[in-house]
Amino acid sequence: VQLQASGGGLVQAGGSLRLSCAASGRTFSSYVMGWFRQAPGKEREFIAHISWSGHSTYYADSVKGRFTISRENAKNTVYLQMDSLKPEDTAVYYCAADRGFSLRVEDYEYWGQGTLVTVSS
């Protein structure tokens, strides 16, 4: 599976962005899809993931209630809607694919290249 993330940019605090991650391959629907982020000088951290069907989601406490993950298997795409953005959300955001339902970076098999989100105060 090859992943291509897009949609990052510069936004003011309180604003919104929607990230997209397009996947190649015919087995997209068999993968759990996750979003992670990495801020400068920090380790990559889990943000959210979504089950194969899209019926089950899980969020990190830091984004719960502000971010929404979704997927369209017919389009081989997963999204991350980010609302009420804060300066501390500034990071490179990565999408990733896993066979299981993990929160750990090391468990994800495939990664996109990352897209930069900058939130100004």
Side-chain angles (χ1 to χ4, degrees):
V1 176
Q2 291 186 324
L3 304 175
Q4 180 77 31
S6 61
L10 174 64
V11 63
Q12 288 188 331
S16 298
L17 278 175
R18 189 175 82 154
L19 306 183
S20 299
C21 175
S24 64
R26 295 176 291 177
T27 60
F28 174 75
S29 60
S30 66
Y31 286 90
V32 171
M33 296 300 299
W35 285 97
F36 294 76
R37 69 185 180 189
Q38 188 166 17
K42 295 188 177 182
E43 294 186 350
R44 193 168 299 188
E45 64 173 352
F46 169 85
I47 294 299
H49 62 191
I50 187 166
S51 64
W52 308 270
S53 66
H55 292 154
S56 181
T57 58
Y58 185 83
Y59 298 91
D61 288 343
S62 58
V63 305
K64 196 175 297 181
R66 299 188 299 122
F67 291 11
T68 303
I69 189 171
S70 61
R71 67 190 295 165
E72 288 188 75
N73 286 342
K75 295 184 177 180
N76 281 9
T77 302
V78 62
Y79 305 98
L80 185 69
Q81 177 67 41
M82 304 186 296
D83 298 317
S84 303
L85 282 162
K86 304 175 182 180
E88 52 263 42
D89 294 318
T90 295
V92 176
Y93 283 71
Y94 298 89
C95 57
D98 182 29
R99 291 288 188 180
F101 215 52
S102 174
L103 307 184
R104 304 193 311 167
V105 170
E106 55 267 34
D107 288 337
Y108 281 73
E109 187 173 359
Y110 301 101
W111 290 85
Q113 85 288 0
T115 184
L116 177 62
V117 172
T118 303
V119 184
S120 62
S121 57

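Just the heavy atoms: all of them, side chains too, but no hydrogens, waters or symmetry mates, feed the values below.
- For Y31 and Y110, the ring centers sit closer than 6.0 Å to each other.
- Put simply, V63 and I50 are part of the same group of oily side chains (I, L, V, M, F, W, Y) that touch within less than 4.5 Å, one to the next.
- A salt bridge links D61 with K64: at least one charged nitrogen is closer than 4.0 Å to a carboxylate oxygen.
- The closest donor-acceptor contact from the side chain of Y79 to the backbone of T68 lies at 3.5 Å or more, if one exists at all.
- What you find for A91 and R37 is that their closest heavy atoms are CB-CB, 3.8 Å.
- Of the possible polar contacts, none joining the T115 side chain to the A5 backbone as a donor-acceptor pair under 3.5 Å is found.
- Shown here for V105 and R44, the closest heavy-atom pair between the two residues is CG2-O, 3.7 Å.
- Rounded to the nearest 0.5 angstrom, Q12 CD and S121 OG are separated by 9.5 Å.
- The CD atom of E72 lies 7.0 Å from the OG1 atom of T77; values are rounded to the nearest 0.5 Å.
- Without hydrogens or angle criteria, W111 side chain to A96 main chain gives no donor-acceptor distance under 3.5 Å.
- Both V1 and I69 are part of a single hydrophobic cluster, where members link through side-chain heavy atoms under 4.5 Å apart.
- Summarising the geometry, atom CD belonging to Q113 is positioned 8.0 Å from atom OG belonging to S6; distances are rounded to the nearest 0.5 Å.
- Heavy atoms from other residues, nucleotides or ligands lying under 6.0 Å from CD of E88 number more than 12.
- The distance from the CZ atom of R99 to the OG1 atom of T27 is 5.5 Å, given to the nearest 0.5 Å.
- Among all heavy-atom pairs drawn from L19 and W35, the shortest one is CB-CH2, 3.7 Å.
- Linking Ile, Leu, Val, Met, Phe, Trp and Tyr whenever their side-chain heavy atoms come within less than 4.5 Å leaves F67 and V32 in two separate clusters.
- Nearest heavy-atom pair, S51 versus H55, reported as atom, atom and distance to 0.1 Å: OG-N, 3.4 Å.
- F28 approaches A23 most closely through the heavy-atom pair CD1-CB, 3.3 Å.
- Side-chain atoms of R71 do not come within 3.5 Å of backbone N or O of G54 as any donor-acceptor pair.
- Of the possible polar contacts, one joining the H49 side chain to the S102 backbone as a donor-acceptor pair under 3.5 Å is found.
- Shown here for F46 and A60, the closest heavy-atom pair between the two residues is O-CB, 3.5 Å.
- S29 OG to N76 CG: the interatomic distance, rounded to the nearest 0.5 Å, is 8.0 Å.
- Residues Y93 and V11 share a hydrophobic cluster, clusters being chains of Ile/Leu/Val/Met/Phe/Trp/Tyr side chains in contact below 4.5 Å.
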### Task
Quick one: do M82 and D89 satisfy side-chain contact (heavy atoms from CB on, under 4.5 Å)? Show the steps, please.
CA-CA 9 Å; M82 304 186 296; D89 294 318; over 6 Å; no

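- The backbone N or O of V119 sits less than 3.5 Å from a side-chain atom of T90, completing a donor-acceptor pair.
- The hydrophobic clustering, which links ILVMFWY residues whose side-chain heavy atoms are closer than 4.5 Å, places L103 and F101 together.
- Ring centroids of Y108 and F36 are separated by less than 6.0 Å, placing the two rings close together.
- Side-chain contact between Y59 and I47 is absent, with no heavy atoms from C-beta onward closer than 4.5 Å.
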